[in-house]
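A quick write-up on the structure given underneath.
Please read these numbers as outputs of a predicted model, since none were measured by experiment. A, B, ... follow the sequence lines: proteins, then strands. Residue 1 opens every chain.
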Number of protein chains: 2
Amino acid sequence: MKVLSKSSEYGLRALLYMVGKRGGEQEYVSIREMSEQLDISFHFLTKILQSLTQSNILASYRGPSGGVAFNIPPEKIMLSDVVRVLEGEDFFDTCLLGLPGCGEKKPCPMHQFWKEIKAALKHEFETTTLAQMGQITLDSRLRLMP
Amino acid sequence: MKVLSKSSEYGLRALLYMVGKRGGEQEYVSIREMSEQLDISFHFLTKILQSLTQSNILASYRGPSGGVAFNIPPEKIMLSDVVRVLEGEDFFDTCLLGLPGCGEKKPCPMHQFWKEIKAALKHEFETTTLAQMGQITLDSRLRLMP
DNA sequence: CCTAATTAAGAGTATTTTATCTTAATTAAA
DNA sequence: TTTAATTAAGATAAAATACTCTTAATTAGG
Ligand code: SF4
Ligand code: SF4
(Lines give C-alpha, C1' and ligand atoms only; values in the text may rest on other atoms or scores of the structure.)
(Ligands and ions follow the chains in the order given, each with its own letter.)
Protein backbone atom coordinates (compact mmCIF):
# COMPACT_ATOMS: atom_id res chain seq x y z
CA MET A 1 0.00 0.00 0.00
CA LYS A 2 1.87 2.99 -1.25
CA VAL A 3 0.33 6.11 0.20
CA LEU A 4 2.87 8.70 -0.79
CA SER A 5 5.01 9.01 -3.91
CA LYS A 6 8.77 9.21 -3.70
CA SER A 7 8.50 12.95 -4.30
CA SER A 8 6.43 13.44 -1.16
CA GLU A 9 8.59 11.10 0.81
CA TYR A 10 11.78 12.89 -0.16
CA GLY A 11 10.19 16.29 0.14
CA LEU A 12 8.99 15.57 3.66
CA ARG A 13 12.31 14.11 4.68
CA ALA A 14 14.07 17.23 3.49
CA LEU A 15 11.62 19.53 5.24
CA LEU A 16 12.00 17.58 8.46
CA TYR A 17 15.74 17.82 8.11
CA MET A 18 15.36 21.56 7.83
CA VAL A 19 13.15 21.68 10.90
CA GLY A 20 15.77 19.79 12.84
CA LYS A 21 18.54 22.00 11.61
CA ARG A 22 17.50 25.56 12.20
CA GLY A 23 18.86 26.31 15.60
CA GLY A 24 18.33 30.05 15.60
CA GLU A 25 16.40 31.15 12.57
CA GLN A 26 15.80 31.18 8.84
CA GLU A 27 19.17 30.14 7.48
CA TYR A 28 19.30 28.82 3.96
CA VAL A 29 19.97 25.14 3.93
CA SER A 30 21.95 23.75 1.00
CA ILE A 31 20.11 21.24 -1.15
CA ARG A 32 23.41 19.51 -1.83
CA GLU A 33 23.95 19.03 1.87
CA MET A 34 20.49 17.59 2.32
CA SER A 35 20.82 15.30 -0.65
CA GLU A 36 24.02 13.91 0.80
CA GLN A 37 22.83 13.65 4.38
CA LEU A 38 19.56 12.03 3.39
CA ASP A 39 20.96 10.06 0.48
CA ILE A 40 18.54 11.46 -2.06
CA SER A 41 19.44 12.29 -5.64
CA PHE A 42 20.50 15.93 -5.68
CA HIS A 43 18.75 16.87 -8.89
CA PHE A 44 15.59 15.05 -7.99
CA LEU A 45 15.47 16.71 -4.62
CA THR A 46 16.14 20.05 -6.23
CA LYS A 47 13.04 19.69 -8.36
CA ILE A 48 10.89 18.63 -5.47
CA LEU A 49 12.00 21.59 -3.40
CA GLN A 50 11.59 23.83 -6.42
CA SER A 51 7.91 23.08 -6.52
CA LEU A 52 7.66 23.80 -2.81
CA THR A 53 9.41 27.09 -3.49
CA GLN A 54 6.99 27.87 -6.29
CA SER A 55 4.14 27.18 -3.89
CA ASN A 56 5.66 29.65 -1.43
CA ILE A 57 6.18 27.09 1.27
CA LEU A 58 9.91 27.59 0.85
CA ALA A 59 12.05 30.48 -0.28
CA SER A 60 15.25 29.87 -2.20
CA TYR A 61 18.47 31.74 -2.65
CA ARG A 62 21.08 31.09 -5.31
CA GLY A 63 24.81 31.47 -5.19
CA PRO A 64 27.38 30.46 -2.60
CA SER A 65 25.85 29.67 0.78
CA GLY A 66 22.47 29.68 -0.89
CA GLY A 67 19.79 27.11 -0.43
CA VAL A 68 16.19 26.90 0.66
CA ALA A 69 14.54 28.17 3.81
CA PHE A 70 11.06 28.14 5.22
CA ASN A 71 8.96 30.95 3.89
CA ILE A 72 6.40 30.16 6.57
CA PRO A 73 7.37 28.99 10.06
CA PRO A 74 7.16 25.19 10.18
CA GLU A 75 4.82 25.52 13.13
CA LYS A 76 2.31 26.78 10.61
CA ILE A 77 2.95 24.34 7.79
CA MET A 78 0.59 21.40 7.84
CA LEU A 79 1.55 18.09 6.30
CA SER A 80 -1.48 18.47 4.09
CA ASP A 81 -0.01 21.66 2.61
CA VAL A 82 3.06 19.77 1.50
CA VAL A 83 1.17 16.75 0.28
CA ARG A 84 -1.30 18.82 -1.69
CA VAL A 85 1.55 20.44 -3.57
CA LEU A 86 3.51 17.26 -4.20
CA GLU A 87 0.65 14.81 -4.76
CA GLY A 88 -2.04 17.03 -6.18
CA GLU A 89 -5.20 18.62 -4.88
CA ASP A 90 -7.29 15.47 -5.00
CA PHE A 91 -5.00 13.50 -2.75
CA PHE A 92 -7.61 13.06 -0.03
CA ASP A 93 -10.47 12.48 -2.40
CA THR A 94 -10.07 9.12 -4.06
CA CYS A 95 -12.13 5.96 -4.29
CA LEU A 96 -10.85 2.91 -2.50
CA LEU A 97 -11.28 0.76 -5.56
CA GLY A 98 -9.67 3.33 -7.80
CA LEU A 99 -12.89 4.05 -9.61
CA PRO A 100 -13.65 7.65 -10.41
CA GLY A 101 -16.50 9.60 -8.85
CA CYS A 102 -17.25 8.27 -5.38
CA GLY A 103 -20.98 7.69 -5.70
CA GLU A 104 -23.10 8.26 -2.66
CA LYS A 105 -26.19 6.90 -4.35
CA LYS A 106 -25.55 3.18 -4.37
CA PRO A 107 -22.33 2.81 -2.46
CA CYS A 108 -20.51 -0.48 -2.08
CA PRO A 109 -20.18 -1.90 1.45
CA MET A 110 -16.81 -0.25 1.85
CA HIS A 111 -17.89 3.21 0.88
CA GLN A 112 -18.84 4.51 4.29
CA PHE A 113 -15.80 2.93 5.86
CA TRP A 114 -13.47 4.37 3.28
CA LYS A 115 -15.08 7.75 3.59
CA GLU A 116 -14.33 7.73 7.29
CA ILE A 117 -10.77 6.58 6.81
CA LYS A 118 -10.18 9.31 4.28
CA ALA A 119 -11.65 11.90 6.60
CA ALA A 120 -9.45 10.69 9.44
CA LEU A 121 -6.35 10.79 7.28
CA LYS A 122 -7.19 14.21 5.97
CA HIS A 123 -7.86 15.51 9.45
CA GLU A 124 -4.59 14.15 10.74
CA PHE A 125 -2.61 15.65 7.89
CA GLU A 126 -4.40 18.95 8.32
CA THR A 127 -3.67 19.16 12.02
CA THR A 128 -0.10 17.90 12.11
CA THR A 129 2.59 20.50 11.52
CA LEU A 130 6.07 20.01 10.19
CA ALA A 131 7.35 21.34 13.48
CA GLN A 132 5.50 18.61 15.37
CA MET A 133 6.90 15.96 13.09
CA GLY A 134 10.35 17.44 13.48
CA GLN A 135 10.43 17.21 17.26
CA ILE A 136 11.52 13.62 17.36
CA THR A 137 12.39 12.96 13.85
CA LEU A 138 15.77 14.27 12.87
CA ASP A 139 18.64 11.87 13.27
CA SER A 140 16.77 9.08 14.99
CA ARG A 141 14.86 8.49 11.79
CA LEU A 142 16.06 10.40 8.79
CA ARG A 143 19.58 9.20 8.76
CA LEU A 144 19.15 5.74 10.13
CA MET A 145 16.21 4.63 8.09
CA PRO A 146 17.68 3.52 4.81
CA MET B 1 -3.77 8.63 -2.93
CA LYS B 2 -3.63 5.44 -4.87
CA VAL B 3 -4.46 2.55 -2.57
CA LEU B 4 -4.85 -0.29 -5.03
CA SER B 5 -3.03 -1.03 -8.26
CA LYS B 6 -4.90 -1.43 -11.50
CA SER B 7 -4.47 -5.18 -11.17
CA SER B 8 -6.39 -5.23 -7.92
CA GLU B 9 -8.97 -2.85 -9.22
CA TYR B 10 -9.63 -4.94 -12.31
CA GLY B 11 -9.42 -8.18 -10.41
CA LEU B 12 -11.98 -7.04 -7.88
CA ARG B 13 -14.27 -5.71 -10.55
CA ALA B 14 -14.19 -9.04 -12.34
CA LEU B 15 -14.81 -10.98 -9.15
CA LEU B 16 -17.75 -8.75 -8.30
CA TYR B 17 -19.10 -9.26 -11.78
CA MET B 18 -18.91 -12.99 -11.18
CA VAL B 19 -20.69 -12.66 -7.86
CA GLY B 20 -23.47 -10.77 -9.55
CA LYS B 21 -23.71 -13.25 -12.34
CA ARG B 22 -24.01 -16.68 -10.79
CA GLY B 23 -27.72 -17.21 -10.51
CA GLY B 24 -27.74 -20.87 -9.65
CA GLU B 25 -24.21 -22.15 -9.13
CA GLN B 26 -20.63 -22.51 -10.18
CA GLU B 27 -20.82 -21.82 -13.90
CA TYR B 28 -17.63 -20.84 -15.63
CA VAL B 29 -17.66 -17.23 -16.63
CA SER B 30 -15.80 -16.29 -19.80
CA ILE B 31 -12.92 -13.89 -19.34
CA ARG B 32 -13.64 -12.45 -22.76
CA GLU B 33 -17.17 -11.64 -21.71
CA MET B 34 -15.97 -9.94 -18.54
CA SER B 35 -13.31 -7.98 -20.38
CA GLU B 36 -15.94 -6.67 -22.76
CA GLN B 37 -18.62 -5.96 -20.17
CA LEU B 38 -16.19 -4.24 -17.82
CA ASP B 39 -14.08 -2.66 -20.54
CA ILE B 40 -10.82 -4.15 -19.34
CA SER B 41 -8.06 -5.41 -21.63
CA PHE B 42 -8.71 -9.09 -22.20
CA HIS B 43 -5.12 -10.25 -21.94
CA PHE B 44 -4.42 -8.13 -18.93
CA LEU B 45 -7.49 -9.43 -17.16
CA THR B 46 -6.56 -12.97 -18.12
CA LYS B 47 -3.26 -12.60 -16.29
CA ILE B 48 -4.83 -11.12 -13.23
CA LEU B 49 -7.37 -13.92 -13.01
CA GLN B 50 -4.64 -16.42 -13.73
CA SER B 51 -2.88 -15.46 -10.55
CA LEU B 52 -6.13 -15.77 -8.66
CA THR B 53 -6.49 -19.21 -10.17
CA GLN B 54 -2.97 -20.13 -9.13
CA SER B 55 -3.82 -19.01 -5.61
CA ASN B 56 -6.85 -21.31 -5.66
CA ILE B 57 -9.34 -18.53 -5.21
CA LEU B 58 -10.64 -19.32 -8.68
CA ALA B 59 -10.74 -22.45 -10.78
CA SER B 60 -10.39 -22.26 -14.53
CA TYR B 61 -11.51 -24.37 -17.41
CA ARG B 62 -10.23 -24.21 -20.96
CA GLY B 63 -11.97 -24.80 -24.20
CA PRO B 64 -15.35 -23.74 -25.52
CA SER B 65 -17.67 -22.45 -22.79
CA GLY B 66 -14.70 -22.42 -20.48
CA GLY B 67 -13.79 -19.61 -18.14
CA VAL B 68 -13.19 -19.05 -14.47
CA ALA B 69 -15.35 -19.88 -11.50
CA PHE B 70 -15.09 -19.50 -7.77
CA ASN B 71 -13.16 -22.29 -6.17
CA ILE B 72 -14.38 -21.07 -2.81
CA PRO B 73 -17.84 -19.62 -2.28
CA PRO B 74 -17.63 -15.83 -2.44
CA GLU B 75 -19.27 -15.72 0.97
CA LYS B 76 -15.97 -17.07 2.27
CA ILE B 77 -13.58 -14.96 0.21
CA MET B 78 -12.40 -11.88 2.04
CA LEU B 79 -11.24 -8.81 0.18
CA SER B 80 -7.94 -9.23 1.97
CA ASP B 81 -7.47 -12.63 0.34
CA VAL B 82 -7.71 -11.04 -3.08
CA VAL B 83 -5.59 -8.06 -2.23
CA ARG B 84 -2.87 -10.14 -0.65
CA VAL B 85 -2.56 -12.12 -3.86
CA LEU B 86 -2.64 -9.15 -6.20
CA GLU B 87 -0.72 -6.61 -4.15
CA GLY B 88 1.60 -8.77 -2.13
CA GLU B 89 1.72 -10.05 1.42
CA ASP B 90 2.95 -6.81 2.92
CA PHE B 91 0.05 -4.75 1.66
CA PHE B 92 -1.19 -3.88 5.13
CA ASP B 93 2.23 -3.38 6.60
CA THR B 94 3.74 -0.22 5.21
CA CYS B 95 5.03 3.01 6.66
CA LEU B 96 3.05 6.15 6.00
CA LEU B 97 6.12 8.01 4.85
CA GLY B 98 7.24 5.14 2.66
CA LEU B 99 10.23 4.39 4.83
CA PRO B 100 11.00 0.77 5.52
CA GLY B 101 10.72 -0.84 8.92
CA CYS B 102 8.05 0.87 10.97
CA GLY B 103 10.03 1.65 14.10
CA GLU B 104 8.26 1.52 17.41
CA LYS B 105 11.25 2.88 19.27
CA LYS B 106 11.23 6.53 18.33
CA PRO B 107 8.10 6.91 16.25
CA CYS B 108 7.17 10.12 14.49
CA PRO B 109 3.96 11.88 15.57
CA MET B 110 2.00 10.07 12.91
CA HIS B 111 3.13 6.60 13.79
CA GLN B 112 0.42 5.70 16.27
CA PHE B 113 -2.25 7.24 14.07
CA TRP B 114 -1.06 5.42 10.99
CA LYS B 115 -0.83 2.19 12.92
CA GLU B 116 -4.47 2.52 13.84
CA ILE B 117 -5.55 3.42 10.34
CA LYS B 118 -3.70 0.42 8.97
CA ALA B 119 -5.30 -1.84 11.54
CA ALA B 120 -8.75 -0.49 10.68
CA LEU B 121 -8.17 -0.99 6.97
CA LYS B 122 -6.84 -4.47 7.50
CA HIS B 123 -9.74 -5.37 9.73
CA GLU B 124 -12.27 -4.08 7.23
CA PHE B 125 -10.66 -5.96 4.36
CA GLU B 126 -10.47 -9.09 6.47
CA THR B 127 -14.12 -8.99 7.45
CA THR B 128 -15.69 -7.94 4.17
CA THR B 129 -16.51 -10.74 1.76
CA LEU B 130 -16.84 -10.62 -1.97
CA ALA B 131 -20.43 -11.68 -1.56
CA GLN B 132 -21.13 -8.68 0.64
CA MET B 133 -19.54 -6.36 -1.87
CA GLY B 134 -21.48 -7.99 -4.63
CA GLN B 135 -24.89 -7.45 -3.10
CA ILE B 136 -25.27 -3.95 -4.38
CA THR B 137 -22.49 -3.69 -6.78
CA LEU B 138 -23.17 -5.31 -10.11
CA ASP B 139 -24.67 -3.10 -12.73
CA SER B 140 -25.22 -0.03 -10.59
CA ARG B 141 -21.48 0.35 -10.33
CA LEU B 142 -19.41 -1.88 -12.50
CA ARG B 143 -20.86 -0.89 -15.79
CA LEU B 144 -21.69 2.70 -15.11
CA MET B 145 -18.49 3.76 -13.46
CA PRO B 146 -16.13 4.41 -16.32
C1' DC C 1 -10.38 -36.56 -36.10
C1' DC C 2 -10.84 -31.67 -37.03
C1' DT C 3 -12.08 -27.14 -35.89
C1' DA C 4 -13.11 -23.41 -33.11
C1' DA C 5 -13.18 -21.53 -28.52
C1' DT C 6 -11.07 -20.83 -24.78
C1' DT C 7 -7.29 -20.22 -20.81
C1' DA C 8 -1.91 -20.37 -20.02
C1' DA C 9 2.40 -18.50 -20.62
C1' DG C 10 5.69 -15.62 -21.97
C1' DA C 11 7.59 -11.99 -24.97
C1' DG C 12 7.04 -7.46 -26.36
C1' DT C 13 5.34 -2.46 -26.18
C1' DA C 14 3.63 1.83 -24.02
C1' DT C 15 3.04 4.90 -20.32
C1' DT C 16 4.16 6.75 -15.96
C1' DT C 17 7.22 7.42 -12.31
C1' DT C 18 11.71 8.04 -10.72
C1' DA C 19 16.27 9.53 -11.44
C1' DT C 20 20.19 11.67 -14.01
C1' DC C 21 22.55 14.86 -16.97
C1' DT C 22 23.37 19.32 -19.11
C1' DT C 23 23.10 24.11 -19.45
C1' DA C 24 21.65 28.61 -17.75
C1' DA C 25 20.97 32.17 -14.20
C1' DT C 26 22.25 34.16 -9.84
C1' DT C 27 25.27 35.54 -6.19
C1' DA C 28 29.19 35.77 -2.76
C1' DA C 29 33.79 36.36 -2.28
C1' DA C 30 38.53 36.58 -3.79
C1' DT D 1 35.88 41.37 -12.50
C1' DT D 2 36.66 36.73 -12.37
C1' DT D 3 35.66 32.40 -10.21
C1' DA D 4 33.24 29.09 -7.77
C1' DA D 5 29.01 27.82 -5.56
C1' DT D 6 24.69 27.44 -5.83
C1' DT D 7 19.44 26.99 -7.50
C1' DA D 8 16.43 26.82 -12.03
C1' DA D 9 14.99 24.57 -15.94
C1' DG D 10 14.64 21.38 -19.25
C1' DA D 11 16.25 17.23 -21.80
C1' DT D 12 17.38 12.59 -21.34
C1' DA D 13 17.53 7.90 -19.29
C1' DA D 14 16.23 4.04 -16.31
C1' DA D 15 12.83 1.52 -13.77
C1' DA D 16 8.32 0.29 -12.63
C1' DT D 17 3.71 -0.29 -13.95
C1' DA D 18 0.23 -1.06 -17.21
C1' DC D 19 -1.08 -3.00 -21.31
C1' DT D 20 -0.68 -5.87 -25.91
C1' DC D 21 0.66 -9.51 -28.91
C1' DT D 22 1.95 -14.20 -30.13
C1' DT D 23 2.05 -18.92 -29.46
C1' DA D 24 0.85 -23.08 -26.95
C1' DA D 25 -2.26 -26.17 -24.43
C1' DT D 26 -6.85 -27.79 -23.49
C1' DT D 27 -11.50 -29.01 -24.53
C1' DA D 28 -16.34 -29.15 -26.55
C1' DG D 29 -18.76 -30.22 -30.47
C1' DG D 30 -19.38 -31.31 -35.27
S1 SF4 E 1 -19.11 2.91 -3.56
FE2 SF4 E 1 -17.18 1.81 -3.09
S3 SF4 E 1 -16.24 1.58 -5.11
FE4 SF4 E 1 -17.85 3.12 -5.40
S5 SF4 E 1 -16.85 5.07 -5.09
FE6 SF4 E 1 -17.60 4.50 -3.02
S7 SF4 E 1 -15.91 3.35 -2.11
FE8 SF4 E 1 -15.43 3.51 -4.28
S1 SF4 F 1 7.65 6.55 12.91
FE2 SF4 F 1 6.46 7.57 11.30
S3 SF4 F 1 7.86 7.53 9.56
FE4 SF4 F 1 8.73 6.06 11.01
S5 SF4 F 1 7.88 4.10 10.44
FE6 SF4 F 1 6.40 4.92 11.95
S7 SF4 F 1 4.92 6.06 10.73
FE8 SF4 F 1 6.65 5.66 9.38
By nearest-heavy-atom nucleotide on DNA chain C, the more 5' of A:Ile40 and A:Pro64 is A:Ile40
Review point. Does one side chain, of A:Gln112 or A:Glu116, offer a donor that lies under 3.5 Å from an acceptor on the other?
Key: yes
Any donor-acceptor pair under 3.5 Å linking the side-chain atoms of B:Glu87 with those of B:Ser8? yes
Please confirm whether the shortest side-chain N or O distance from [X] to OP1 or OP2 of [N] is below 4.0 Å.
X	N	value
B:Tyr28	C:dT6	no
B:Ser41	D:dT20	yes
B:Lys2	D:dA18	yes
A:Gln54	D:dA9	yes
A:Gln50	D:dA9	yes
B:Ser7	D:dT17	no

Could you state the atom-to-atom distance from [atom1] of [X] to [atom2] of [N] in whole Å?
X	N	atom1	atom2	result
A:Phe44	D:dT7	CZ	C1'	17 Å
A:Glu33	D:dA5	CD	C1'	14 Å
A:Tyr61	C:dA29	OH	P	10 Å
B:Leu52	C:dA9	CG	P	14 Å
B:Glu27	D:dA28	CD	C1'	15 Å
A:Lys6	C:dA19	NZ	P	6 Å
A:Arg32	C:dC21	CZ	C1'	12 Å
B:Ile48	C:dA9	CD1	C1'	15 Å

Determine, step by step, whether B:Glu33 and B:Lys21 satisfy the salt bridge (Lys or Arg N to Asp or Glu O under 4.0 Å) criterion, reporting the C-alpha distance in whole Å, the side-chain angles of both residues, the deciding distance to 0.1 Å, and the verdict.
-> CA-CA 12 Å; B:Glu33 172 191 331; B:Lys21 201 161 193 229; 2.9 Å; yes
One should read off an interatomic distance between A:Tyr10 OH and A:Asp39 CG, to the nearest 0.5 angstrom, of 8.5 Å
query: With distance as the sole criterion, do the side chain of B:His43 and the base of D:dT22 form a donor-acceptor contact below 3.5 Å?
result: yes
The answer to which of B:Lys47 and A:Arg62 contacts DNA chain D further toward the 5' end, by nearest nucleotide, is A:Arg62
Would you say A:Leu121 ends up clustered with A:Met78 if hydrophobic residues are merged whenever their side chains have heavy atoms under 4.5 Å apart, either directly or through other cluster members? no
